[in-house]
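Protein chains get the first letters and strands the later ones, always in sequence-line order, with residue 1 at the start of each.
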Amino acid sequence: MGENLVIVESPAKAKTIEKFLGKDYIVKSSFGHIRDLSKKNLGIDVEHDFEPNYVISQDKKKIVTELKAAAKKAKIVWIASDEDREGEAIAWHLYECLGLKPENTKRIVFHEITKTAILHAIDNPRTINLDLVNAQQARRVLDRLVGFELSPVLWKKIKPSLSAGRVQSAALRLIVDREREIIAFKPHSYYRIDGNFLTDNDNKSIKGTIDQKIKDINTAKKLLNEFNGAEFKIGKTETKKVVKKPAPPFTTSSMQQEAGRKFGFSVSQTMSIAQHLYESGLITYMRTDSTNLSKLALSAAKETITDLYGEKYSKTRQYKTHSKGAQEAHEAIRPTSFANIDIKGAARDKRLYQLIWKRAIASQMSDASLEKTTLKILNNKNNEKFTAQGEQILFDGFLKVYIESKDDENNEERKNLLPLLSEGQNMLMQEIRAQEKYTQHPYRYTEASLVKKMEELGIGRPSTYAPTITTLHHRGYIVKGNRIGQKMNISSLLLSDAKLSEKSTEEIIGSEKGKLCPEDIGIIVTDYLIENFDSVVDYGFTAEVEESFDTIAAGKAPWNKDIKDFYSRFHKKIETISNEKGHKDTSRTIGIDPKTNKTIIARMGKFGPLVQLGESDDKDKKFAALPKGVLIENVTIEQALQFFKLPRILGNLEDLPIKCAIGRFGPYINYNKEFISLPKNADPYTFTLEEAIQLIKDNKEKKIKSKIKDFEEEDIHILIGRYGPYIKQAKKNYKIPKGTTPEELTLEQCQEIIEKQLAKKKKK
DNA sequence: CAGTGAGCGAGCTTCCGCTTGACTT
C-alpha cells in the first residue's frame, strides 16, 4: 500500500483522483506554489546573473514537511501539477525542495479529470521540462524587479505604501485612460423621430423610426409639419435569414462577466462561489482560460440535451481559445455532471451553478435560425423613411436555454414580430414624436468588463483578475461607485390630431452605477509612471515580454539574457529619478477668485485632494477638501468657490453656534461638541437653521430611545444600534454575546465582555 | 467616527501567480 505518491496542486483535485487510482496510490496536494523569492531585499542577486533566492513560504512549511515524509515512504513520486509554465515550475520546486531523485520521480500531466486521462498520463510519464521552468523564472524575476523597484519610487515621490507592477499598473491605466476620454467628451444633441402607424382597414399597428439623426429642432419641426396631413404607405419589405451560434462554455473571465451582468456579482464574489461549487464536486476547475471540453463531457452533454429537448437540439462543438497568452492547462468551466440540472444549497450557489450549466449545455446545442424583417414606411411630402424591424425565431436551438447578456446598456427595444403587410398598403399616422437625445460618453468599466479588456490584452491570468482589482481598491487608486450624469434640457415635439406641440423637460443624462472610477491618487500614479516609465505601463509590455518567455520556453535563449537588457536600462532610470530632489507636483491651477484676486489651485494634500485659495506663502490661505466624485483633473472654479462657502455657521441655539460642513462621511452639523449627519439628499449649502434645530431635536430623541443602560462612572453604555444591542465604551463598540439579555447586564459582566473582545483583537 | 493641511523621523510599505482557509461584516 502507498507505493506511489501523486502530487497535484489542488486538494479537491487530489480527492477526486484518489478515487480513480485505487489503494496503491496516495494523492496529496501542494496547495499551489510552495516556494517564492525571498522578500528580503529583492530576493534576486542582480550582480550575479539574477540568481533567484528562493525560500519556502511561511504558510507552506507544514505542507512541505508532510510531502517530504510521504515522498520518503513512496517508491515512485508522480508530480502531476498543471501543464503550463507555472505548473512546470511548481513541479521543479517540489523536486528541489523534497530532495527527490531522478530515478523515482516522474512528471505527468492531464487536462481533464477523468479516469482514462489519468491512466493515460501514468502510462506516458516524462521528465521536468527545464526550459519551461526557466521561462517561469524569467517571468517571476521580471515581475519582482518591476514591482519592488518601482513601488519604492512611488513611496518617495508620491506617498508611502503605494504600489506599481506589470499587471496592476496597466489595469489602472485602462481605468484612468477611460476617465480622461469621458472628461474630454462633449455631448451634442440630436433629434430622433418615431412614429406610430395603423393599417387603414384592420387596425394592425406598427412603430417606425427615421434612420438618420436630425441635427436640430428646426429641421425636426420642418419635417413634422410636412408629415402633418401627409399620406403614408408601406415601401419595400426585406426579409433575411440569420443564424445565431451559441457562445463557448465559460472561462474564468467570461464567467465573471456574465455573473456580473446577469446577477450583479463582483468578480471576487463570483470566484468564491465558484470555489465552493468546485470543492463540492459540482463543477470543474474555475480558474481556466480554456474553452475546451473533454470527450466525456461532450458525450454527456449530448445525452442530456437529447433527453431534455430532443435530438435536433444537439450539436457537438469544440471551441478554440482565442485569448492572448492562454495556457490551456484545464478544461472550460462546466458541471461535472450535466444530469445535475439543479443543486441544493444557498440561492447564490444555485444561480451560478445554473448559469454554468446553461452556458455549457447551450454551447453543445444547435444554432438558432431567425428571420429578420425590415420594412419602410414612405410618405408623399418628403423622402424621409420610417424603418420598422421585426424578428421571428424559426428554430430556437440553443436560445431555448441561454442568451448571453451584453455590456451595452442601450438595448432599449425588444424586436418583435411585425404584422404581415404588403408593399403599397396605405397607413394611417397616429402620432409622430421628435425627441432630443444626447450622444453618450464611452462607458466606464465594470469589474467584469475590465477583466475582459485585460484578457484581450493578455494582462494578468485567471487566478489574478479578482485579486488585482482588489489591490487597486486597497491602494485607493479606484472606487466602485456611482457617477451622476449631467442635467440636460430635453425638448420634444409631438404631432397628434393634426396639431404640433412642443415640450421641454430636464433630465439627467449619462449616470452610471457600480462602475470603476479612478481616484486622484490613481490618476497621479498613472501619470507619473507614463511620464517616467512609459515602456513598463505600455499595454503592449506584457505581450512583448511574453514573446521573450516563449523563446526561453522553446530552449532558444538563456532565461536571464533579456532580463539583463531590460534591467540595465530600467534600473538606471530608477537610480536617476530617485536621486532627483522633490515630490511630484500634483497641483493644477483652476483660476482666480474674482473677490480676492487670489489663485485657486487643486492639489493632493496630506488627507486627500483639496482646493486651496491663495499661494503657499499666503498666511490667510483657505482649504476645502474635494467631495467624492470630484477630481483634481476636472474640478471647476465654480465648484471650488462653492466648496469654500463651508463651513457655514447656521445660527445659534441657546447661545451655542451650529456649524454645517462636509466631513469624511458626508455633510454634517456640529453643535455642542456633537456631530450629526445631514439627512439623505439634504444640501449643506442651503441647510437652514430651522432644519438644523429640528435635526438636533430628533437626534436627541433617537438617542434616548436607543439607550438601554448606563454605567456613567466607567463610561460604559448599553445601546441599540442598527444590528441590535451593543456595548459602547470610550467611542468603541463591543458585541453582546448571544443568549445574553442586555437589560440584565451588570457592570462587571460588561467589563468582562470588553476585556475578552480586546484580548481576541490583540491576538490577531 | 467626522473640525485637519507643521515638521521630524524610525520602521514599514511593494510585485505576479499558484493554491486555500481564516478572518470580519
Does anything in residues 150-160 of chain A come within less than 4.0 Å of DNA chain B? Heavy atoms only, and list the residues if so.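 Output list: A:Ser151, A:Pro152, A:Trp155, A:Pro160.
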Stretch residues 81-91 of chain A: residues that reach within less than 4.0 Å of DNA chain B through a heavy atom: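 Result for residues 81-91 of chain A: A:Asp82, A:Glu86, sorted by number.
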Does any N or O donor sit under 3.5 Å from an N or O acceptor when you compare the side chain of A:Arg139 with the base of B:dC16?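 For A:Arg139, whose side chain was compared with the base of B:dC16, there is a donor-acceptor pair (under 3.5 Å).
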Give a yes or no on whether a donor-acceptor pair under 3.5 Å exists between the nucleobase atoms of B:dC15, that is its base, and the side chain of A:Arg140.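 Result: at least one qualifying N/O pair found.
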Between A:Leu650 and A:Phe687, is the side-chain contact (heavy atoms from CB on, under 4.5 Å) condition met? List the steps. CA-CA 8 Å; A:Leu650 302 180; A:Phe687 207 62; 4.0 Å; yes
Do the numbers put A:Arg166 on top of the ring of A:Phe541, so that NZ or CZ is under 6.0 Å from the six-membered ring centre and no more than 45° off the axis?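 Ring-cation test returns no.
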Kindly point out which of [options] is positioned nearest to the side chain of [X]?
{"X": "A:Phe31", "options": "B:dC16, B:dT20, B:dG3", "value": "B:dT20"}
{"X": "A:Tyr278", "options": "B:dG3, B:dC15, B:dT20", "value": "B:dT20"}
{"X": "A:Ser463", "options": "B:dT20, B:dC18, B:dC16", "value": "B:dC18"}
{"X": "A:Lys60", "options": "B:dA2, B:dC18, B:dC15", "value": "B:dC18"}
{"X": "A:Val167", "options": "B:dC15, B:dC16, B:dT19", "value": "B:dC16"}

Are any of [X]'s side-chain N or O atoms less than 4.0 Å away from OP1 or OP2 of [N]?
{"X": "A:Tyr285", "N": "B:dT19", "value": "yes"}
{"X": "A:Arg648", "N": "B:dG3", "value": "no"}
{"X": "A:Ser10", "N": "B:dT20", "value": "yes"}
{"X": "A:Gln168", "N": "B:dC15", "value": "yes"}
{"X": "A:Thr464", "N": "B:dG17", "value": "yes"}
{"X": "A:Gln612", "N": "B:dG5", "value": "no"}

Find out whether A:Ile469 and A:Ser268 are in side-chain contact, i.e. whether some heavy atom of one side chain is under 4.5 Å from a heavy atom of the other.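 A:Ile469 does not reach A:Ser268 side chain to side chain.
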Within the 4.5 Å heavy-atom criterion, are A:Leu457 and A:Leu174 side-chain neighbours or not?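 The answer is yes, as the side chains (C-beta and beyond) meet within the 4.5 Å cut-off.
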Tell me what [X] touches on the nucleic acid: a base, only sugar-phosphate, or nothing, going by heavy atoms under 4.0 Å.
{"X": "A:Lys621", "result": "nothing"}
{"X": "A:Gly43", "result": "nothing"}
{"X": "A:Arg461", "result": "sugar-phosphate"}
{"X": "A:Gly663", "result": "nothing"}
{"X": "A:Arg475", "result": "sugar-phosphate"}

Can you give the dot-bracket line for DNA chain B, where a pair is Watson-Crick or G-U wobble with both atom distances under 3.5 Å, crossing pairs use [ ], and | marks a partner on another strand? .........................
Give a yes or no on whether the backbone of [Y] and the side-chain of [X] come within a donor-acceptor separation of less than 3.5 Å.
{"X": "A:Glu9", "Y": "A:Asp82", "result": "yes"}
{"X": "A:Ser10", "Y": "A:Ala12", "result": "yes"}
{"X": "A:Tyr477", "Y": "A:Ser163", "result": "yes"}
{"X": "A:Ser280", "Y": "A:Leu282", "result": "no"}

For A:Ile600 and A:Leu641: C-alpha separation, side-chain torsions, deciding distance, then whether side-chain contact (heavy atoms from CB on, under 4.5 Å) applies. CA-CA 9 Å; A:Ile600 300 176; A:Leu641 292 172; 3.8 Å; yes
Rounded interatomic separation in angstrom, taking [atom1] from [X] and [atom2] from [N]:
{"X": "A:His33", "N": "B:dC15", "atom1": "NE2", "atom2": "P", "result": "17 Å"}
{"X": "A:Lys28", "N": "B:dC18", "atom1": "NZ", "atom2": "P", "result": "24 Å"}
{"X": "A:Lys62", "N": "B:dT20", "atom1": "NZ", "atom2": "C1'", "result": "13 Å"}
{"X": "A:Ile44", "N": "B:dC16", "atom1": "CD1", "atom2": "P", "result": "14 Å"}
{"X": "A:Met271", "N": "B:dC18", "atom1": "CE", "atom2": "P", "result": "11 Å"}

Look at the rings of A:His571 and A:Tyr567 and say which category their plane angle falls in: under 30° parallel, 30 to 60° tilted, over 60° perpendicular.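 A:His571 vs A:Tyr567 ring planes: parallel.
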Using the six-membered ring wherever Trp is involved, compare the ring planes of A:Trp92 and A:Tyr54 and label them parallel, tilted or perpendicular (cut-offs 30° and 60°).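 Perpendicular: the ring planes of A:Trp92 and A:Tyr54 meet at over 60°.
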Closest-nucleotide 5' rank along DNA chain B - winner of A:His330 and A:Val146: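 The residue whose closest nucleotide sits nearer the 5' end is A:Val146.
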With nearest nucleotide decided by heavy atoms, which residue, A:Pro462 or A:Asn41, maps closer to the 5′ end of DNA chain B?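 Result of the comparison: A:Asn41.
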Give me the distance, rounded to whole Å, that separates B:dG9 from B:dT13 when you measure between the C1' atoms they each carry.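 The answer is 16 Å between these two C1' atoms.
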In plain terms, say whether A:Arg140 and A:Asp36 are close enough for a salt bridge, that is, a side-chain N and a carboxylate O under 4.0 Å apart.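 Salt bridge: yes.
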Output yes when A:Arg85 and A:Glu546 qualify as a salt bridge under the 4.0 Å nitrogen-oxygen rule, no when they do not.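 Salt bridge flag = yes for A:Glu546 with A:Arg85.
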Take A:Arg107 and A:Ser81, measure what side chain to side chain donor-acceptor pair (under 3.5 Å) needs, and give me the verdict at the end. CA-CA 8 Å; A:Arg107 167 80 171 118; A:Ser81 47; 3.2 Å; yes
